[in-house]
Engineer: 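Mind having a look at this structure? Questions to follow.
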Amino acid sequence: NSAKKYSDPGIPMHAPDELIAKLLKAWHFLYKRGFIEGFGHISARIPDSDLFLLARHSLGPRANADDFLVVDMQGRKVSGDGAMPGEYPIHLEILKARPDIGSVVHYHGLHSTAFTTSEHQLKPIHLMGTLFHDGIPTYDDPRLVTNADRGTALAKALGPHRAVLLRAHGAAIT
């Protein structure tokens, strides 16, 4: 079977092993390179469903497939062990607002946080930066995104872009 089964009482759900493997690869890449400094979380939309995978709270450097939760688009944990990160509304509201987005990562990196205090607009200066040719907006509220109102405001700040900086807080990348 190419899918890992999750279940809510009597309702089978599937998260493809390939999707979990990609999330783990991305998480390990970010962690090993210092982007995840203490806290961060990653999510991915489960194809052909109204569900997404979300890294549990306090996911560390030795993450594995069991560290992901299945969450519905109402923000309810459908299955998995452990608590959702307190800032799960970042993922929920961005995925709800942007059906074209398949994955979201939020982290509190030193460099992305430092850029949020600049009055200057960031512009790509490297080939890899061309992914962000249309700019990177800043969400001005420095508080944690722990409720639907802040998540919705963050998704609105993101707009059609691939990333948004969170003032004094880090970044959300799609």
Side-chain angles (χ1 to χ4, degrees), residues 6 8 11 13 15-16 19-20 22-24 26-27 29-31 35-60 63 67-118 121-122 131-132 134-174:
Y6 294 88
D8 194 10
I11 305 171
M13 304 293 172
L19 182 59
I20 293 171
K22 285 180 179 180
L23 277 176
L24 285 169
W27 181 258
F29 176 91
L30 293 168
Y31 210 96
F35 287 98
I36 310 300
E37 296 173 354
F39 297 101
H41 23 90
I42 192 168
S43 65
R45 192 182 301 274
I46 297 174
D48 303 318
S49 77
D50 288 332
L51 303 169
F52 62 98
L53 288 167
L54 176 64
R56 66 172 175 74
H57 177 72
S58 298
L59 185 62
D67 290 324
F68 290 97
L69 310 171
V70 176
V71 180
D72 69 18
M73 287 298 176
Q74 286 72 49
R76 298 179 300 228
K77 181 172 79 168
V78 173
S79 64
D81 293 327
M84 292 197 300
E87 289 192 288
Y88 77 89
I90 291 172
H91 304 268
L92 176 63
E93 299 304 331
I94 288 174
L95 291 171
K96 281 170 51 176
R98 294 273 307 274
D100 60 309
I101 290 175
S103 182
V104 177
V105 64
H106 169 59
Y107 62 95
H108 305 107
L110 174 65
H111 300 293
S112 59
T113 301
F115 280 124
T116 68
T117 63
S118 172
Q121 181 72 19
L122 292 178
L131 290 172
F132 306 103
D134 60 347
I136 302 174
T138 299
Y139 171 66
D140 286 326
D141 187 343
R143 296 176 294 175
L144 296 178
V145 182
T146 56
N147 61 46
D149 289 341
R150 290 184 200 150
T152 299
L154 175 62
K156 185 176 179 182
L158 171 66
H161 304 280
R162 293 177 178 252
V164 61
L165 297 173
L166 288 74
R167 176 100 41 222
H169 182 168
I173 315 294
T174 66

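Throughout, residue positions are numbered sequentially from 1 according to the sequence presented. These values consider heavy atoms only, across backbone and side chains, with no hydrogens, waters or symmetry-generated copies.
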Engineer: Do any pairs count as a salt bridge (Lys or Arg N to Asp or Glu O under 4.0 Å) and have a residue in residues 88-113, sequence neighbours left out, and if so which ones?
Structural biologist: Glu93-Lys96, Arg98-Asp100
Engineer: Do the non-hydrogen side-chain atoms of Leu53 and Ile46 ever get within less than 4.5 Å of each other?
Structural biologist: yes
Engineer: Given 3.5 Å as the limit, does a donor-acceptor pair link the side chain of Arg150 with the main chain of Arg143, or not?
Structural biologist: no
Engineer: For Asp134, look at atom CG and say whether over 12 heavy atoms of other residues, nucleotides or ligands are found less than 6.0 Å away.
Structural biologist: yes
Engineer: How long is the gap from OH on Tyr31 to CD1 on Ile36, to the nearest 0.5 Å?
Structural biologist: 8.0 Å
Engineer: Treating Trp27 as the side-chain partner and His41 as the backbone partner, does any N or O pair qualify as donor plus acceptor under 3.5 Å?
Structural biologist: no
Engineer: Quick one: are Phe68 and Leu24 in side-chain contact, heavy atoms under 4.5 Å?
Structural biologist: yes
Engineer: Keeping His106 on the side-chain end and Ala171 on the backbone end, is there a donor-acceptor pair under 3.5 Å?
Structural biologist: yes
Engineer: Any chance NE2 of His57 has more than 12 other-residue heavy atoms, nucleotides or ligands included, within less than 6.0 Å?
Structural biologist: no
Engineer: Give me the atom names and distance for the closest heavy-atom approach of Ser103 to Leu23.
Structural biologist: OG-CD2, 4.2 Å
Engineer: Report yes if the side chains of Tyr107 and Ile42 come closer than 4.5 Å at any heavy-atom pair, otherwise no.
Structural biologist: no
Engineer: Going from CG on Asp67 to CZ on Arg56, what distance comes out if it is rounded to the nearest 0.5 angstrom?
Structural biologist: 4.0 Å
Engineer: To the nearest 0.5 Å, what is the distance between CG on Leu165 and CD1 on Ile173?
Structural biologist: 7.0 Å
Engineer: Rounded to the nearest 0.5 Å, how far does NE2 of His91 lie from CE of Met84?
Structural biologist: 10.5 Å
Engineer: Are the side chains of Pro47 and Leu19 in contact, using a 4.5 Å heavy-atom criterion?
Structural biologist: yes
Engineer: For the CZ atom on Phe35, are there more than 12 heavy atoms of other groups (residues, nucleotides or ligands in this structure) within a distance under 6.0 Å?
Structural biologist: no
Engineer: Rounded to the nearest 0.5 Å, what separates atom CD1 in Ile94 from atom CG in Leu154?
Structural biologist: 4.5 Å
Engineer: More than 12 heavy atoms of other residues, nucleotides or ligands under 6.0 Å from CZ of Phe115: yes or no?
Structural biologist: no
Engineer: Strictly distance-based, threshold 3.5 Å: is any side-chain N or O of Lys156 a donor or acceptor partner for the main-chain N or O of Ala97?
Structural biologist: no
Engineer: Compare every heavy atom of Met73 with every heavy atom of Leu92, then report the nearest pair and how far apart it is.
Structural biologist: CD1-O, 3.5 Å
Engineer: Can you give me the closest heavy-atom contact between Ser43 and Phe52, atom names plus distance?
Structural biologist: CB-CD1, 4.0 Å
Engineer: CZ/Arg45 to CG/Asp50 distance, rounded to the nearest 0.5 angstrom?
Structural biologist: 9.0 Å
Engineer: Between His169 and Val145, what is the shortest heavy-atom contact and its length?
Structural biologist: CE1-N, 4.1 Å
Engineer: Locate the shortest heavy-atom distance separating Ala163 from Ile136; write the atom from each residue and the value.
Structural biologist: O-CG2, 3.8 Å
Engineer: I'd like to know if the side chain of Thr113 and the backbone of Ala168 have a donor-acceptor N/O pair within less than 3.5 Å.
Structural biologist: no
Engineer: Tell me, please, which residues at least two apart from Asp140 pass side-chain hydrogen bond (donor to acceptor under 3.5 Å, both in side chains).
Structural biologist: Arg167
Engineer: So, for Ile101 and Leu95, which heavy atoms are closest and what is the spacing to 0.1 Å?
Structural biologist: O-CD2, 3.6 Å
